[in-house]
S.K.: 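I'd like to ask you about the structure that follows.
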Amino acid sequence: MRIATWNVNSIRQRLTHVLAFLKEAEPDALCLQELKCVDADFPRAEIEEAGWQVTTHGQKGFNGVAIISRSALEDVRRGLPGDESDEQARYLEGVLPHGDGVVRLASIYLPNGNPPNTEKYPYKLAWMERLAVHAKGLLAHEEPLVLAGDYNVIPEPRDARDPAAWAGDALFLPPTRTAFRKLQSLGFTEALRATTDAAGLYTFWDYQAGAWQRNNGIRIDHLLLSPQAADRLGAVSIAKHVRGWDKASDHVPVLIELN
DNA sequence: ATGTCGCATTCCATGCGA
């Protein structure tokens, strides 16, 4: 089973890219983030016509997550529990068939948190704590579970071309990295780091200042695996070439194989 | 640090979020 995650930075601007990637990569499921539209404006028909099932959780103007899958997504949850007043569309979860069993999959768009001296940063940290609480509950099911998405977390210095430039950024501040480690310590395996210790593996290059041309990237798109999923982990890859496509998203897809 | 996008509105220019 192949699972991918991709922050597309507007599904309406990136529809042809998504269709091309689906055709090229042939995933069983693709988690999307930053749809930047309400469900009614999601280009559902075009993707369904290509043979896919579409589950969306959109929001006007920004945020928004979706899961595109070959099989219908079941037991769907929209929104991260733990704060009824939170209306931001950043979490979508469901269950897909996998062999004789199932895999539970979530598409996550974790808050950016910048600038850190505003209410945006405590919102990010609180969101991460809510995710940890929910994830702990999911782990109790002892089933294959994949939490995939744009975490807006640079886990370590080797995950940035120029870590010093990110020292005061909400993506790299110590409380952010500590919260990410705490989430993992519940029992998750971070897919890419289960397969390589290499530096220089990035999933995001800013539109500004020629970041792509200079390979000035960061690794912020991650897949966290429950023990039952980690036991089945095969290859992990970053579809870096997608960043070179015309009018590309600033993020590229990350893929895993589950045997 | 800021050489770019995409969205929305006060709507063809600007603010916001990233």
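Each chain gets a letter, A, B and so on, in the order its sequence line appears, and its residues count up from 1.
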S.K.: Given a cutoff of under 4.5 Å between side-chain heavy atoms of I, L, V, M, F, W and Y, with clusters grown through shared members, what are the other residues clustered with Phe62(A)?
M.R.: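 Noted: Phe62(A) shares its cluster with no other residue.
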S.K.: Could you work out the separation of dG3(B) and dC7(B) based on their P atoms and round it to a whole Å?
M.R.: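 The answer is 22 Å between these two P atoms.
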S.K.: Going by side-chain heavy atoms closer than 4.5 Å, which hydrophobic residues are tied to Trp166(A), directly or by a chain of links?
M.R.: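 Members besides Trp166(A), by chain and number: Ile154(A), Leu171(A), Phe172(A), Phe204(A), Ile218(A), Ile220(A).
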S.K.: How many whole angstroms separate atom CZ of Arg214(A) from atom C1' of dT2(B)?
M.R.: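 Distance check: Arg214(A) CZ to dT2(B) C1' gives 11 Å.
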S.K.: Linking Ile, Leu, Val, Met, Phe, Trp and Tyr through side-chain heavy atoms less than 4.5 Å apart, which residues share a cluster with Val95(A)?
M.R.: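 Once heavy-atom contacts under 4.5 Å are chained together, Val95(A) belongs with Val102(A).
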S.K.: Mind checking the P distance from dG6(B) to dA1(B)? Whole angstroms is fine.
M.R.: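 The same atom, P, in both gives a distance of 25 Å.
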S.K.: List the protein contact pattern of nucleotides 6-18 of chain B with one symbol per nucleotide (5' to 3'): B for base contact, S for sugar-phosphate-only contact, - for none; contact means a heavy-atom distance under 4.0 Å.
M.R.: SSSS-------BS
S.K.: Starting at atom CG of Asp246(A), determine the distance to atom P of dC5(B), rounded to an integer number of angstrom.
M.R.: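 Roughly 10 Å, once rounded to whole Å.
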S.K.: With rounding to the closest Å, how many angstrom separate the P atoms on dC5(B) and dT10(B)?
M.R.: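 Nearest-Å result for dC5(B) against dT10(B) at atom P: 26 Å.
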S.K.: Please list, chain by chain and in numerical order, all residues satisfying side chain to side chain donor-acceptor pair (under 3.5 Å) with Asp86(A), sequence neighbours excluded.
M.R.: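 Applying side chain to side chain donor-acceptor pair (under 3.5 Å) to Asp86(A) gives Tyr123(A), Arg130(A).
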S.K.: Could you name each residue pair satisfying ring-ring contact (aromatic ring centres under 6.0 Å, His included) that touches residues 70-93 of chain A, not counting sequence neighbours?
M.R.: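 Listed by first then second residue: Tyr91(A)-His134(A).
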S.K.: Give the rounded distance in Å between these two atoms: CH2 of Trp245(A) and P of dC5(B).
M.R.: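 From Trp245(A) CH2 to dC5(B) P: 18 Å.
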S.K.: Rounded to whole Å, how long is the line connecting atom CZ of Arg161(A) with atom C1' of dA1(B)?
M.R.: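 So the CZ-C1' distance, Arg161(A) to dA1(B), works out to 16 Å.
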S.K.: Between the side chains of Asp221(A) and Thr203(A), is a donor N or O closer than 3.5 angstrom to an acceptor N or O?
M.R.: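 Judged by distance alone, the side chains do pair up.
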